[in-house]
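The block underneath contains the structure these notes are about, expressed in structure tokens.
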Amino acid sequence: MAFLSHQPLSIDALLELGDHPECGGLALFVGTVRDEHLGRKVTGLTYTAHEAVAARLIGEIEQRTREKFGVPYCRIQHRLGKLAIGDLAIACVVRAPHRAEAFEACRWAVDAVKHGVPVWKEEFYADGSSAFVEGCCIRDDFDDDPAHRHGHPHEDLKTA
């Protein structure tokens, strides 16, 4: 299964429910295209990437997630191309023996993609304009720094 897709994402293909009977926890995160960003009405967006590098890095994030959290299964897919409101943009599935490590590993994996994979988002607005959205900084040590957290753009940054 490809890490990047120009076609709609399939959650069913990521789940592989029968392949890990030792796992009682399954965490799923799906990011969708929303219709508003920083007070502006969004009509759609386009994701572009340095595809060879992005695919390699997502594969490395899956492997690092499995090693870091001791989970047997982690799969991530990111959509590329033109997306409409409500379309699936990113999906991550983690299977683990228990829910706590499944949740933690899933969150870590999605954050790792956001912080370290060259995927760019251009939003299109109701007024006919467009803009590339400023992403997270590219860091491979974000998880080692508790002060480096990105909340909702309207929230204050809180340190742990």
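Bear in mind that the values here come from a model prediction, so they are computed numbers and not experimental data.
Using a cut-off of 4.0 Å between Lys/Arg side-chain N and Asp/Glu carboxylate O, Glu60 and Arg56 are scored as salt-bridged. Salt-bridge annotation for Lys41 and Asp127: absent, with no side-chain N of the basic residue lying under 4.0 Å from a carboxylate O of the acidic one.
Using a 4.5 Å heavy-atom threshold, the side chains of Glu122 and Lys82 count as separate. Between Arg79 and Ile90 the shortest side-chain heavy-atom distance does not fall below 4.5 Å. The shortest distance between side-chain heavy atoms of Arg75 and Phe3 falls below 4.5 Å. Taking the side chain as every heavy atom from C-beta outward, Val113 and Ile76 approach each other to under 4.5 Å. For the pair Glu62/Arg66, a side-chain contact is recorded, criterion being any heavy-atom separation below 4.5 Å from C-beta on. Between Tyr47 and Trp120, the closest side-chain pair of non-hydrogen atoms is not below 4.5 Å. With a 4.5 Å cut-off on side-chain heavy atoms, Val94 and Leu26 do not count as touching. A heavy-atom distance below 4.5 Å is found between the side chains of Leu57 and Pro118.
Note that CD of Glu123 and OG of Ser129 are 10.0 Å apart. Values are rounded to the nearest 0.5 Å. Note that CZ of Arg34 is 9.0 Å distant from CG of Leu45, once rounded to the nearest 0.5 Å. Separation of atoms NE2 (His37) and OH (Tyr125) is listed at 6.5 Å; rounding is to 0.5 Å. To the nearest 0.5 Å, the span separating CG on Leu28 from CG on Leu15 amounts to 6.5 Å. Annotation: the span from Glu101 atom CD to Cys23 atom SG amounts to 8.5 Å, rounded to 0.5 Å. Here CD of Glu36 is found 10.5 Å from CD1 of Ile85. Values are rounded to the nearest 0.5 Å.
Linking ILVMFWY residues whenever their side-chain heavy atoms come closer than 4.5 Å, directly or via other members, places Phe69 and Ile61 in the same cluster. By the criterion of side-chain heavy atoms lying less than 4.5 angstrom apart, applied directly or through intervening Ile, Leu, Val, Met, Phe, Trp or Tyr residues, Val93 is grouped together with Leu9 in one hydrophobic cluster. In the hydrophobic clustering of this structure, Leu4 groups with Val53; members are Ile, Leu, Val, Met, Phe, Trp, Tyr whose side-chain heavy atoms approach within less than 4.5 Å, directly or through other members. Residues Val133 and Phe124 are members of separate hydrophobic clusters, defined by side-chain heavy-atom contacts under 4.5 angstrom among Ile, Leu, Val, Met, Phe, Trp and Tyr. Both Val42 and Leu83 are part of a single hydrophobic cluster, where members link through side-chain heavy atoms under 4.5 Å apart.
Across all non-hydrogen atoms, the minimal contact from Ala54 to Ala49 is CB-CB, 4.2 Å. Nearest approach of Cys92 to Val110, heavy atoms of both residues: CB-CG2, 3.6 Å.
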**Study point:** Thr48/Thr46 under side chain to side chain contact (heavy atoms under 4.5 Å, CB included): CA gap, chis, key distance, verdict
**Key:** CA-CA 7 Å; Thr48 56; Thr46 298; 4.1 Å; yes
Practice item. Go through Lys68 and Gln63 one step at a time and tell me if the side chain to side chain contact (heavy atoms under 4.5 Å, CB included) criterion holds. Key: CA-CA 9 Å; Lys68 181 178 179 71; Gln63 180 62 34; over 6 Å; no
Check your understanding: Do Arg95 and Val71 pass the side chain to side chain contact (heavy atoms under 4.5 Å, CB included) test, and can you show the C-alpha distance, the side-chain angles, and the key distance before you say yes or no?
Key -> CA-CA 6 Å; Arg95 291 187 59 84; Val71 298; over 6 Å; no
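Counting only distance, with no hydrogens or angles, the side chain of Asp111 and the backbone of Trp108 share no donor-acceptor pair below 3.5 Å.
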